[in-house]
Number of protein chains: 2
Amino acid sequence: MDETQALKALSALSDGTRLRMLRFLVQAGADGAAAGEIGAAVGSSPSRSSFHLAALAASGLVRPERVSRRVIYRVDFAALGGLMGYLIEDCCGGHPAVRACCAPTGTEKG
Amino acid sequence: MDETQALKALSALSDGTRLRMLRFLVQAGADGAAAGEIGAAVGSSPSRSSFHLAALAASGLVRPERVSRRVIYRVDFAALGGLMGYLIEDCCGGHPAVRACCAPTGTEKG
DNA sequence: TCCATATTTCAACCATACTTGAATCGTTGA
DNA sequence: TCAACGATTCAAGTATGGTTGAAATATGGA
């Protein structure tokens, strides 16, 4: 993950519709979800959904796969992890206060 | 950290100039750095620097403090950690593949 | 072939964000 | 008060991004 790729991913996530789409796809897990299903879940029209899903796919955070009439989108967890790793290591320098919020318990909320 | 605040922070980080500013401020640590120094470090004009630093401050990721003629900016590591925690827990559902990239060693790059 | 479903693409419009250069504000020291 | 310094604000222009609705593409079934 380099800066250019990180900027693409951050830009993709800085939109409410796309952030909700990603959350929905994370919950969907390995099965993924069809474009129409995702759009319905986040309340966006077909063309809007297509636009935003294309942006997410271009950022590398999700991947499309055509299955019959549908296009199934799945989260690329490795890419998502790569973005987190870049932010924590390269941008935050692995600062303890940042790393603390990534601990499995997740109860040390500031 | 709620979705609105996360979107502000992600939006702030989705710009190359601001991302480099944050990295510079992380390296500066608790001492922080003056606006002019930050601008010089990332190669942006005074007005541009002021604009972008204001955006970072509005997002809560950095905090300004006037010291004599200068304005010292410092990273709010708790806010940064809050953003990471939100992304990992609320958006990524604490998925193992994501969490793996936050491990202290940072060698399990995908 | 014809029709229905699922998704994407396109053009037009609107809104927001970025850049630039000059002007302004606040502080320091003479 | 004046001049110099550091930072911000303002106005104007440019660029990018989002929304909408209609049209187009691709697949599946009769």
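Chain A is the first sequence line, chain B the second, and so forth, proteins listed ahead of strands; every chain is numbered from 1.
Taking OH from Y73(B) and CG from L61(B), the interatomic distance works out to 13.5 Å, rounded to the nearest 0.5 Å. Atom CG of L83(B) is separated from atom CG of L10(B) by 5.0 Å, given to the nearest 0.5 angstrom. To the nearest 0.5 angstrom, D2(A) atom CG is 8.5 Å from K8(A) atom NZ. We find the CZ-CG distance between R18(A) and L7(B) to be 10.0 Å, quoted to the nearest 0.5 Å.
Map D15(A) and I72(B) each onto its nearest nucleotide of DNA chain D; the residue landing nearer the 5' end is I72(B).
When the P atom of dG18(D) is taken as reference, atom CG of L7(B) falls 12 Å away, rounded to whole Å. A straight line from NZ of K8(B) to P of dA17(C) spans 12 Å, rounded to a whole angstrom. Taking atom CZ of residue R48(A) and atom C1' of nucleotide dG17(D), one finds them 13 Å apart after rounding to whole Å. In this structure, CZ of R66(A) is placed 14 Å from P of dT25(D), rounded to the nearest angstrom. The interatomic distance linking L56(B) (CG) with dC18(C) (P) rounds to 10 Å, in whole Å. Protein atom CG of L53(B) is 13 Å distant from nucleotide atom C1' of dG6(D), rounded to whole Å. The separation between R70(B) atom CZ and dG29(C) atom C1' is 15 Å, rounded to whole Å. Across the protein-nucleic acid pair, F51(B) atom CZ and dC18(C) atom P stand 4 Å apart, rounded to whole Å.
Side chain of S47(A), nearest nucleotide from dG18(D), dG21(D), dG21(C): dG21(D). Of the candidates dT19(D), dT8(C), dG6(D), the closest approach to any side-chain atom of S50(A) belongs to dT8(C).
At a threshold of 4.0 angstrom between heavy atoms, the contacts of S45(A) with the nucleic acid are absent.
Proximity of a side-chain donor or acceptor of R74(B) to a complementary backbone N or O of A30(B) within less than 3.5 Å is detected.
The side-chain contact (heavy atoms from CB on, under 4.5 Å) test with L22(B) singles out one residue from T17(B), L80(B), I38(B), and that residue is L80(B).
For R70(B) and E65(B), the salt-bridge test fails: no basic side-chain N is under 4.0 Å from an acidic carboxylate O.
Of all the residues in residues 17-39 of chain B, R18(B) reach under 4.0 Å from DNA chain C with at least one non-hydrogen atom.
For the pair Y73(A) and dA6(C), the criterion of a side-chain N or O lying under 4.0 Å from OP1 or OP2 is not met. Dashed line: the shortest gap from a side-chain N or O of S68(B) to OP1 or OP2 of dT28(C) is under 4.0 Å. Under 4.0 angstrom from either OP1 or OP2 of dT28(C) there lies no side-chain N or O belonging to R69(B). Distances shown here put every side-chain N or O of H52(B) at or beyond 4.0 Å from the OP1 or OP2 atom of dA17(C).
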